[in-house]
Amino acid sequence: MLNDAFRELSAGAELLALATNRTFRDADGGLSLDAGPFVAALEFASLKRATVLGKPSSAFFLSALASMDCPPDQAIMVGDDAEADIAGALRAGLSGALLVRTGKYRQGDEKRFDPRPTATVADLAAATDWIIARRD
């Protein structure tokens, strides 16, 4: 299927990607390759840059906030992916981003990508407590 996609790109198709996440937590509990490695392979082979429609694209975060009429400086992202959720949200201008140690989180993720999380918390309940404790 990758070769079919490569041939379409070579014939002029545009490369669109829903996301560039490296991994996801699979049903068996282990990490599996997500879309990102496949997008990178197609970019390399086709010499085309993907238009990323989802995370970590700033346009994704800003569009989601606009749909809620929420300015970025009043939003905090909560996620388990330090690269796509956290760094992506902070690059988009959100006021903060909390990394939860659930889902696909792996020890040390909070130090792997820049910008780094505003805080790292145990889970969604701890993220909620963190946000409530700091609201005006």
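Predicted model only: the values in this text are computed from it and were never measured. For reference, positions follow the sequence shown, starting with 1.
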Notebook entry, point to check: Is there side-chain contact between Leu94 and Leu65, with heavy atoms separated by less than 4.5 Å?
Noted result: yes
Note to self: According to a hydrophobic-cluster definition based on side-chain heavy atoms being under 4.5 Å apart (Ile, Leu, Val, Met, Phe, Trp, Tyr only), do Met68 and Val78 belong together?
What the structure shows: no
Margin query: With rounding to the nearest 0.5 angstrom, report the CD1 to CH2 distance, Ile76 to Trp130.
Written below: 5.0 Å
Margin query: side chain to side chain contact (heavy atoms under 4.5 Å, CB included) for Asp114 and Arg116? Distances and angles first, verdict last.
Written below: CA-CA 5 Å; Asp114 285 312; Arg116 293 191 173 163; 3.4 Å; yes
Margin query: Checking Phe113 against Ile86 for the side chain to side chain contact (heavy atoms under 4.5 Å, CB included) test, could you report, in this order, the C-alpha distance in whole Å, the side-chain angles of both residues, the deciding distance, and whether it holds?
Written below: CA-CA 9 Å; Phe113 305 101; Ile86 304 307; over 6 Å; no
Note to self: In the structure I gave you, are the side-chain heavy atoms of Phe6 and Leu42 within less than 4.5 Å of one another anywhere?
What the structure shows: yes
Check: Same hydrophobic cluster for Ile131 and Met77, using side-chain heavy-atom links shorter than 4.5 Å among ILVMFWY?
Finding: no
Next item on the list: Would you check if Pro117 and Leu98 make a side-chain contact, meaning some heavy-atom pair closer than 4.5 Å?
Entry: no
Notebook entry, point to check: Is Asp109 salt-bridged to Lys111, going by a charged N under 4.0 Å from an acidic O?
Noted result: no
Check: Any side-chain heavy atom of Asn21 sitting closer than 4.5 Å to one from Lys104?
Finding: yes
Next item on the list: Look at the side chain of Asp28 and the backbone N and O of Gly30, then say whether any donor-acceptor pair between them is shorter than 3.5 Å.
Entry: yes
Next item on the list: Please tell me if the side chains of Tyr105 and Glu110 come closer than 4.5 Å, counting only heavy atoms from C-beta onward.
Entry: yes
Next item on the list: Would you indicate whether the side-chain heavy atoms of Arg25 and Leu31 approach each other to under 4.5 Å?
Entry: yes
